[in-house]
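Each remark here refers to the structure printed beneath this line.
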Amino acid sequence: MASKNKTTWFCSSCGCESPKWMGRCPSCGEWNTMVEAPSASPRKGEARHSSSETQPRHLNEIEFGPEQRLSLSNPELDRILGGGIVPGSLVLLAGEPGIGKSTMSLQIPLQAAGLKTLYVSGEESARQVKMRAERLGGDASDCIIYCETSIDSIIEQAQAIMPSLVIVDSVQTMYCESVESTAGSVSQIREVTARLLRFAKDSSVPVILIGHITKDGYIAGPKVLEHIVDVVLQFEGENRGSYRILRSIKNRFGSTSELAVFEMTGSGLRAVSNPSELLVPMHGQDLSGTAVCAMLDGTRAFLFEVQALVSSAVYGTAQRSATGFDTRRLNMLLAVLEKRAGFRLGAKDVFLNMAGGLKISDPACDLAVIAAILSSNFDCSIPSDVCFAAEVGLSGEIRPVAQTDRRVIEASRLGYRKIYVSAFTPEMEKTEGIEQIRVADVAELVKKLFA
Ligand code: TYD
Ligand code: MG
């Protein structure tokens, strides 16, 4: 009897693999997310790697020369990648539609002189790419545009041209003839990515692959992609705002704690080398409901403004809404203020906004959020030379955060005179020009800040 074509089931939400269909994913618990895909075993006639390459070897015998990296002539992007792109690596550039993935990737060949790039577009026509390139400016002499969606043709062309870099926009539009399903399905995405990976490894040409992610943050279709590629860079930001954060969430060749801020301008993305200067208030006057947080994202400290608005609830139930901040965390902080510090916020609407359209997950932001809410509630402004960096616990205690010293230094550099930190922060050296105010709980914060 001829053996059946083996298939596997994948959760389109978390990428969990299963040998049979299931109604509910055992890993992430989502319902109806299992989709069928051919299993990854090599097909008949497909060459396997030669056995000499896969012999077990002693770690000491493995040669290790200085790593060669290719600069993309974009210092911020190079830094995130860990000092340039590694030859033969497959980099996934993920983000919501419209955030600037195509713009950023087209800017690479336009800015990097002498970097011969094959830019494959499955989403836009050559004319559209040209129009975008005109808008972005730069030198287009080393950029080859290829509008195609068949991965076989793309790899054929890439092998013939042998560029220094291949950019594929986007994985969801590419298809492989040998897989029977529509472009964008799990099995197509997996196969397209696997083909590109093989091309990158065989030719040592780095490949940047663009992938859309859905609103809830999943790389559309399969998260399986994340396991296959070497590096995952993710674009974040509110589409309304002009700032975008590029974060490395997986990097086989560098650290994942790197982040860069870009600004979308009329002529493409511009790196913001000093984010603090853009994200803190320029108005120069004290307004109620705003507080500045010294946050640390990756290895970088920067300051930004938290804005809160507290008003009496017009309707029966109070509204809580947060932009760029976790609503559950906001609810928790409000509960702490009610229970531990006696503020009657139950009958108040609370709106919270992070400046610049940033999405913040650093717990050090808690203290600034509480300060901004209280400031709006009392209608009493916080002096503009004050900032905050501490976490708030469930019993109202103010907890220390990682690398407080770096935050203090950044705050001082930007002209802040006072920083509120946890009373439990380990003793650190005094930084000139800035006073550290240590607070142990929410009640003490209120006393020191609004007395
Ligand atoms: P794009 O790179 O097409 O997004 P993606 O590939 O991630 O879907 O960016 C789209 C947005 O960027 C679009 O709304 C227009 C805006 N934009 C600018 O503001 N300035 C520019 O120079 C360019 C090229 C785009
Ligand atoms: Mg695009």
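Counting starts at 1 for both ligands and their atoms, in listed order. Keep in mind that what you see is a predicted model, and the values were worked out from it rather than measured. Along the sequence shown, the residues carry numbers beginning at 1.
- Summarising the local packing, CD of Glu156 is surrounded by 12 or fewer heavy atoms from other residues, nucleotides or ligands at distances under 6.0 Å.
- Sorted by chain and number, the residues within 4.0 Å of ligand 1 by heavy atom are Glu96, Pro97, Gly98, Ile99, Gly100, Lys101, Ser102, Thr103, Arg132, Arg135, Leu136, Met264, Thr265, Gly266, Ser267, Gly268.
- The Mg ion (ligand 2) has an N, O or S atom of Ser102 under 2.8 Å away, backbone or side chain.
- Under the 30°/60° scheme for interplanar angles, the aromatic rings of Phe388 and Tyr420 are found to lie parallel.
- Side-chain contact of Arg320 with Thr327: a donor-acceptor pair under 3.5 Å is absent, judged by distance alone.
- When side chains are defined from C-beta on, Leu106 counts as touching Leu136, because their heavy atoms get closer than 4.5 Å.
- Note that OG of Ser178 is 11.0 Å distant from CD1 of Ile151, once rounded to the nearest 0.5 Å.
- Looking only at distances, no side-chain donor or acceptor of Ser89 sits under 3.5 Å from a matching main-chain atom of Pro87.
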